[in-house]
Structures are given as C-alpha cells and as structure tokens.
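The next block holds one structure in the form of structure tokens; read it before the comments.
First the proteins, then the strands, lettered A, B, ... as listed; each starts at 1. Values below: all heavy atoms of this structure, side chains included; hydrogens, waters and symmetry mates excluded.
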Amino acid sequence: MTVPHSEQELLDRAKAIAGLKLAELAQSLKLNVPPDLKRDKGWVGTLIERALGADAGSKPEQDFPHLGIELKTIPINGEGYPLETTFVSLAPLIRNSGIDWRHSHLRAKLSKVLWIPVQGERSIPLGERYIGSPILWQPDPLQEAQLQRDWEELMDYIVLGKVGQIHAGIGEVLQLRPKGANRRARTKAVDERGRIIDALPLGFYLRKNFTARILQNFLQNR
DNA sequence: GACTGATCATAA
DNA sequence: TTATGATCAGTC
C-alpha cells in the first residue's frame, strides 16, 4: 500500500476497512492471523498500519508525518469502551530541562490522531474481531489543558529526580507506567542530587476515561 | 472486574 | 538501548 497523499485519502481508506473482520483484512494483505495477541501484542496495530499505507519501521515521528497524523488502534468492548490504556511515547528521563509542554514529544504525537477502534474482547477469536469506524481527532482546549497539567506534573517528578516516587496513580488523564522488555530493563535517569542513575524506562499512557470521551464524542457528533 | 506493574516481538 | 506496535495478568 502506498502512502496516502491527503487526509481525505487516509480517511477514505480507513472507512473502507471499517466493518471488516481482522481475518478478512489480514487475508487481503496476505498476512497470517496469530492465535492470540499474547506474543503478538502489536499485531493489530501493524496490520492497520499496513492497510492504511503507513510506512512501517520505528521512527520517532507520527505515522503520517506529511499529514501530521498519528495512527492508533484502540481495543474496545461491546459498549465501545476502551479495554486498554493507550501508549503514547517514552518519557524523557534525562536531558529534559528546558522542554516545555508546547515542545513536548507527547503534544506533537497527540496533535492529531486517527483512532481505529477494534473489538478487543478476548472471548472473540482474534480473526473474528471487527474493525470500527475511524475517528480523526484533535484535542479540544479542555483536553489539551488536561494533558498539559498532567504532563507538567509528571515531568516535575522526573526533572526533580523523583523517578522512584512515580506510580500509575499520578495524573488525571495521563499516567506514567513501565515501558520496556521487563522489570530488568534499564535506562538513564537522574536522582534528587542530579546524578545519573539507572532506572526503569517509563512511558506516557492515556487513561481509559480520556480515550472513552473521544470515542463517545464521536458517536454523539455523527 | 479493574488497575498497575510487567511483559512480548521486532527494527535499527 | 531506544523506538515502534501494544496487551497481559497478578493483585487488589
């Protein structure tokens, strides 16, 4: 699949795959459906990326940089409520003094997101899960303010060397949680005296209450 | 049953 | 190791 040249083309493609089962889309792309997601946690996301023409690979950018759009699949239950939080980006634990909200990686990634809801209940076989209608979203002023508040609070912990005090309970719509291979994963951080230390890599995640509102607002406005 | 810490695969 | 894509699963 080639890259979409406009926002409309991307949206059209996303609408075209809405209503398909994952197995149907996978077959059209000649991809095998794994038995479940236990060892293929990113499979749905990668499948949708390919279907929409995002160039695969791991670049620290949006999925469609020329369109300024980030692609996110989100697993939902029968009521359309998110089953999982949404990973956004790794948290910068060092060399972070001076970055403010407006220049943050997180804000850039969330400036425009194409959400693809996908049935995610484990009782439904992976291939039988349906792809939902796409939602092209930009944070409204309230949402942006909430994100900024949480981001600033969480970044304060990091900048002040309080990485060890961080836990998932901090933040109203955002949270910091481990993001690594396992608990032994290590990256550099700073302690309260400014010394470099080894620490668990952390990532920013959107809480379900936040993404649920995005999905709900879409339903109301359609 | 929800939540938080832990985990899985792959590329560069 | 960092970055991409995320979901798993034990504990409360």
Side-chain angles (χ1 to χ4, degrees), chain A residues 1 3 22 25-26 29 31-65 69-79 81-96 104-106 108-110 113-127 129 131-132 150 154 157-158 163-189 196-212:
Chain A
M1 183 60 82
V3 302
L22 292 179
L25 182 59
L29 295 174
L31 295 174
N32 292 318
V33 181
D36 55 51
L37 296 177
K38 289 181 186 176
R39 293 189 172 273
D40 296 271
K41 297 180 180 180
W43 184 79
V44 176
T46 304
L47 174 72
I48 302 295
E49 276 189 351
R50 291 207 191 186
L52 299 184
D55 33 338
S58 56
K59 297 179 297 295
E61 290 187 303
Q62 290 159 312
D63 294 289
F64 302 97
I69 296 176
E70 170 75 9
L71 178 66
K72 288 285 178 199
T73 58
I74 184 165
I76 57 170
N77 66 15
E79 281 79 55
Y81 194 86
L83 288 167
E84 295 288 348
T85 58
T86 301
F87 171 75
V88 181
S89 60
L90 284 170
L93 302 186
I94 56 169
R95 302 188 204 96
N96 45 26
S104 67
H105 199 355
L106 184 106
K109 283 224 169 181
L110 295 181
V113 179
L114 182 63
W115 299 93
I116 310 290
V118 178
Q119 287 186 318
E121 286 158 322
R122 295 179 209 179
S123 59
I124 306 174
L126 183 54
R129 299 179 191 174
I131 300 165
D150 284 354
L154 293 165
Y157 277 83
I158 294 172
V163 169
Q165 297 175 35
I166 292 173
H167 57 91
I170 308 170
E172 180 184 348
V173 299
L174 266 184
Q175 63 184 172
L176 281 171
R177 303 215 312 278
K179 172 60 175 174
N182 51 51
R183 77 175 76 172
R184 277 95 60 195
R186 284 296 176 267
T187 189
K188 299 300 183 189
I196 299 292
I197 58 172
D198 288 320
L200 194 61
L202 300 174
F204 286 107
Y205 295 78
L206 294 174
R207 293 183 183 277
K208 287 188 280 188
N209 59 14
F210 187 80
T211 50

Rounded distance (Å) that lies between atom C1' of dA2(B) and atom CG of Asn77(A): 12 Å
Return the minimal non-hydrogen interatomic distance between Ile76(A) and Pro117(A), and the atom names on each side. CD1-CB, 3.8 Å
If you look at every heavy atom in Pro34(A) and Trp43(A), which pair is closest and at what distance? CD-CE2, 3.4 Å
Specify the residue among Gly169(A) and Lys179(A) whose closest nucleotide of DNA chain B lies further upstream toward the 5′ end. Gly169(A)
Looking at dG5(C), does its base get a donor-acceptor pair with the side chain of Lys72(A) below 3.5 Å? no
Round to a whole Å and report the spacing from CG of Asn32(A) to C1' of dA9(B). 16 Å
Ignoring hydrogens, what is the shortest heavy-atom contact between Lys109(A) and Glu70(A)? Give both atom names and the distance. O-CB, 3.4 Å
Tell me what Tyr81(A) touches on the nucleic acid: a base, only sugar-phosphate, or nothing, going by heavy atoms under 4.0 Å. nothing
Within residues 170-178 of chain A: residues closer than 4.0 Å to DNA chain C (heavy atoms): Arg177(A)
Counting only side-chain heavy atoms from C-beta out, which of dA3(C), dT7(C), dA6(C) sits nearest to Pro75(A)? dT7(C)
Residue Arg207(A), side-chain heavy atoms: nucleotide from dA6(B), dG5(C), dT4(B) that is nearest: dT4(B)
For Glu70(A), answer base if it contacts any base atom (sugar-phosphate contacts may also be present), sugar-phosphate if it contacts only those atoms, and nothing otherwise; contact means non-hydrogen atoms under 4.0 Å. sugar-phosphate
Between Asp150(A) (side chain only) and Val173(A) (backbone N and O only), is there a donor and an acceptor less than 3.5 Å apart? yes
Within the pair Lys208(A) and dT7(C), is there a side-chain N or O less than 4.0 Å away from OP1 or OP2? no
Looking at every heavy atom in both Pro35(A) and Leu126(A), which two are closest together, and how far apart are they? O-CB, 4.4 Å
Nearest 0.5 angstrom please: Thr73(A) OG1 to Leu22(A) CG, how far? 9.5 Å
List the atom pairs, with distances to 0.1 Å, where a side-chain N or O of residues 198-209 of chain A and a protein N or O form a donor-acceptor pair under 3.5 Å, not counting sequence neighbours.
unit_1: Asp198(A); atom_1: OD1; unit_2: Lys188(A); atom_2: NZ; d: 2.9
unit_1: Tyr205(A); atom_1: OH; unit_2: Pro178(A); atom_2: O; d: 3.1
unit_1: Arg207(A); atom_1: NE; unit_2: Gly171(A); atom_2: O; d: 2.9
unit_1: Arg207(A); atom_1: NE; unit_2: Leu174(A); atom_2: O; d: 3.4
unit_1: Arg207(A); atom_1: NH2; unit_2: Ala168(A); atom_2: O; d: 2.6
unit_1: Arg207(A); atom_1: NH2; unit_2: Ile170(A); atom_2: O; d: 3.2
unit_1: Arg207(A); atom_1: NH2; unit_2: Gly171(A); atom_2: O; d: 3.0

To the nearest angstrom, the CG-P distance between Leu202(A) and dG5(B) comes to 10 Å
Grab the two heavy atoms, one from Ile131(A) and one from Ile116(A), that are nearest each other, plus how far apart they are. CG2-CG2, 3.8 Å
Worked check of side-chain contact (heavy atoms from CB on, under 4.5 Å) between Val88(A) and Leu110(A): CA-CA 8 Å; Val88(A) 181; Leu110(A) 295 181; 4.0 Å; yes
Scan residues 181-188 of chain A against DNA chain C and write down, sorted by residue number, each residue with any heavy atom closer than 4.0 Å; if none is found, say none. Arg186(A), Thr187(A)
Using a 4.0 Å heavy-atom cut-off, does Gly120(A) contact any base of the nucleic acid, only the sugar-phosphate backbone, or nothing at all? nothing
To the nearest Å, give me how far apart NZ (Lys41(A)) and C1' (dA6(C)) are. 8 Å
Please tell me which of the listed nucleotides, dT4(C), dT4(B), dA6(C), lies nearest to the side chain of Ala168(A)? dT4(B)
Any idea which heavy atoms bring Val33(A) and Ala26(A) closest together, and the distance? CG2-CB, 3.8 Å
Starting at atom CD of Gln165(A), determine the distance to atom C1' of dG5(B), rounded to an integer number of angstrom. 18 Å
Quick one: label Gly45(A) by what it contacts on the DNA or RNA (base, sugar-phosphate, nothing), any heavy atom closer than 4.0 Å. sugar-phosphate
N/O (side chain, Thr73(A)) to phosphate O (OP1/OP2, dA6(C)) under 4.0 Å: yes
To the nearest angstrom, the CD1-P distance between Ile94(A) and dT1(C) comes to 12 Å
Take atom CZ of Phe204(A) and atom C1' of dT2(C), then tell me their distance rounded to the nearest Å. 16 Å
Could you state the CG-P distance from Leu22(A) to dT7(C), rounded to the nearest angstrom? 11 Å
